[in-house]
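Structure, as structure tokens:
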Amino acid sequence: MAEEERQHSIDPATVEMIAKAKADGASIVFERADKMKPCPIGQEGSCCRQCSMGPCRVPIGKNKEETAEEKVKRKGVCGATAETIAARNFTRMIAAGSAAHSDHARKVVELFLLTAEGKAPGFSIKDEQKLLALALDFRVEIGERTNEAIATNIGKLAFKEFGQQNGELWLMRRAPLKRQELWRKLGVAPRGIDREVVESMHRTHMGVDQDYHSLLAQGMRTALADGWGGSMIATELQDVMFGTPAPVLSQINLGVLKADEVNIIIHGHEPQLAEMLAVMAQDPELIAYAKSKGAQGINLAGMCCTANEILMRHGLPIAGNFLQQELAIVTGALEALVVDVQCIMQGIQDVAQCYHTKIITTDPRAHIAGAIHIEFDEHKAIETAKNIIRMAIDNFTNRGKNIHIPVEKTDLIAGFSHETINYLQGGLFRASYHPLNENIINGRIRGVAGVVGCNNARVTHDDVHVRLVKELIKNDVLVLQTGCSAMACAKVGLMLPEAAAEAGPGLRSVCEALGIPPVLHMGSCVDNARILIAATAMVKDGGLGDDLSDLPVAGAAPEWMSEKALSIGQYFVGSGVFTVFGVNWPTIGSKEVTNFLFQDYEAMYGGMWAFEADPIQMAKLMIDHIDKKRKALGIDKARERVLFDMDMRRSMEAV
Ligand code: BF8
Ligand code: SF4
């Protein structure tokens, strides 16, 4: 199929807005992706630009079977091999991803401390239970002390995790003991978050670490510092400050924008400002101000992971995922696109020039040339939020005539934190993972899959996520989701209890008994830490082995694009989970490195990487792995029995 004819998205709202953008002469990501082919050398990890004797290109070329002689010739000017170059690139990507999640966490800790000290008006400790649970994890004394005093201690200890030079991260001790021992044995137990990121940058500098084994070990240590460090700290402290998510009904897609209201979208990753905007959008004074400008009210929606954060805790609607950010502007009905950090395309500024939308950057670390910058100051959060909303209201009267909001919006249920899943299975006093484990052992649920990650303009938007997840649930695999992947599936209705009808008979019966969808929304990308906690709870409940790698689980990021996704994948693999990525694979340039990640890792970590672009094949790989684990646990027989029962029941019905 010619590039310009390819299907850009399976989502009708997206398709409609792509056409509008074209008619309006706005340049958007889909069009740019069609015009710019990815560099094949960079894509396979074979380009090194670590020094100015290069960039050096050592592509494997079209003929992937090379002779030893040819392989020897594939070297950079300094003699760096294709293996070193691929492993260096991979490790650097992990370091960037780990840094992004962890710098997010650092900001959260800062606000957490200010809140505990009463220096952040408008913020408070919302979840006392979670605070006390964290106090136990961090071994902070509880006694008769106030929540604020306990929070101050926790905040200071969390801060230390970043700058710690030796020892181990506190939260990695939440992992099963066997896993912790393995990390120690392999020398990948993270010492301090910043140290691991810095060391990765050092070791990948020209002329330092030049053995892919040790480079990738450092990559692993850096990724684990994300999953069991930065991301986990962000999730946990956000829960304490903003509330631990519980099931909540909301809506998703561009149709959540309203023709007669002031539309504001908050886009990015950090929920601090978004939390305050959510409160201030209800402010009667501001609503009256909006009405004075001819609007019926203020409509706040989210995009990307900031959206997931405020959806999970407040049920605020989501306007769309990563590839829809420019399209929200194209509706012509968006007064302000307020952004914080990560996954914000610079293209939004250009698109905004064709419409009336104001792009407002709010974080000192993320400016966009030409955008308005209103810096979020934690000490004056209420004021900042009010200023932004006022600016959006003032912009309402600048709307042009060229407005079209797609009708598509889908209901979804979100809010499945680890705590919620625990509670749903046994109530407040008998909360446990026992029913889940039981249903896995008896075979009603075949296994659990985490399907997460981005959109990528190189593949049909949302398509790979949706086809993969549908295939998994059809095969009785319960799916846990975060990030843009969750949004893709929510848009097609998979996050409603009714979607159980699309699940296999076993999973369907469990979902119907509990009243839950077969696909559970667990939050933003830092909330992948919730999946680690849930998996650990499954191990601790018993019956499914004594390490995460024993569980019949698998992970996937079918449309990944960001470096954060690689860091997440690597920490899942290091935690013992088989993880498949779609789109393309960034170490293809070195067969040895790729084999090491795809095969040797299994013996080392019990989890390994795989690459597969086709969603049905991807599902097959995951299900095969799940079945392999079931067999090793000796529970494959139970599953056969259940299937036999189903067959019998069907044949009975046929009579
Ligand atoms: O952190 S899934 S496109 S929005 S990187 Fe970005 Fe990818 Fe979306 Fe969230 Ni995660
Ligand atoms: Fe080339 Fe070596 Fe410099 Fe990389 S570090 S650009 S391979 S000379």
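One-based numbering, in listed order, for ligands and for the atoms of each.
Side-chain atoms of Trp560 come within 3.5 Å of backbone atoms of Asn584 as a donor-acceptor pair (strictly under, hydrogens ignored). Without hydrogens or angle criteria, Thr579 side chain to Ala556 main chain gives no donor-acceptor distance under 3.5 Å. Glu309 contributes no side-chain N or O that, together with a main-chain N or O of Glu275, makes up a donor-acceptor pair within less than 3.5 Å. At least one donor-acceptor pair closer than 3.5 Å links the side chain of Arg313 to the backbone N or O of Gly243. Distance alone, capped at 3.5 Å, is enough to place a donor-acceptor pair between the His269 side chain and the Gln342 backbone.
Close contacts of ligand 1 with Cys305, meaning ligand atoms under 4.0 Å from a residue heavy atom, involve 1 (O), 4 (S), 9 (Fe). Atoms of ligand 1 found under 4.0 Å from any heavy atom of Gly453 (numbered from 1 in listed order, with element): 2 (S). Residue Gly76 approaches ligand 2 through these ligand atoms, each under 4.0 Å from one of its heavy atoms: 7 (S). Of all the atoms in ligand 1, the ones that sit under 4.0 Å from a non-hydrogen atom of Phe322 are 3 (S). For ligand 2, the atoms lying closer than 4.0 Å to a non-hydrogen atom of Val77 are 1 (Fe), 8 (S). Within ligand 1, the atoms closer than 4.0 Å to a non-hydrogen atom of Met561 are 3 (S), numbered from 1 in the order shown.
Cys48 O, 3.3 Å is the protein heavy atom nearest to atom 6 (S) of ligand 2. Looking at atom 5 (S) of ligand 2, its nearest protein heavy atom turns out to be Met206 CG, 3.4 Å. The protein non-hydrogen atom at the shortest distance from atom 3 (Fe) of ligand 2 is Cys51 SG, 2.3 Å.
Taking all heavy atoms of Gly54, Gly79, Cys56 into account, the minimum distance to atom 1 (Fe) of ligand 2 is reached by Cys56. Of the candidates Ser231, Cys454, Cys304, Cys343, it is Cys343 that places a heavy atom closest to atom 6 (Fe) of ligand 1.
Aromatic ring centroids of Trp609 and Phe581 lie under 6.0 Å apart.
Ring-plane geometry between Phe596 and His213 is classed as perpendicular, the angle between the planes exceeding 60 degrees on a 0 to 90 degree scale with a lower cut at 30.
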Run the salt bridge (charged side-chain N to carboxylate O under 4.0 Å, His left out) test on Asp34 and Arg6 for me, step by step, so that the C-alpha distance in whole Å, both residues' side-chain angles and the decisive distance to 0.1 Å come before the verdict.
CA-CA 9 Å; Asp34 288 345; Arg6 81 182 175 101; 2.9 Å; yes
Stepwise side-chain hydrogen bond (donor to acceptor under 3.5 Å, both in side chains) check, His104 with Gln238:
CA-CA 11 Å; His104 165 167; Gln238 283 170 189; 2.6 Å; yes
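Restricting His269 to its N, O or S atoms, the one at the least distance from atom 9 (Fe) of ligand 1 is NE2.
For Arg88, the closest heavy-atom approach to ligand 2 falls below 4.0 Å.
Under 4.0 Å from ligand 1, not a single heavy atom of Gln342 appears.
For atom 9 (Fe) of ligand 1, the set of nearby N, O or S atoms under 2.8 Å includes none belonging to Cys525. Taking 2.8 Å as the criterion, Cys484 does not count as a coordinating residue of atom 9 (Fe) of ligand 1, since none of its N, O or S atoms falls below it. Atom 4 (Fe) of ligand 2 has no N, O or S atom of Cys78 inside 2.8 Å of it.
Side-chain atoms of Asp11 and Gln324 form a donor-acceptor pair, as typed in the model, at a separation below 3.5 Å.
For Ser562, no nitrogen or oxygen atom sits less than 3.5 Å from a nitrogen or oxygen atom of ligand 1, counting backbone and side chain alike.
Paired with Lys491 under the rule side-chain hydrogen bond (donor to acceptor under 3.5 Å, both in side chains), one option of Thr410, Asn253, Asn321 passes, and it is Asn321.
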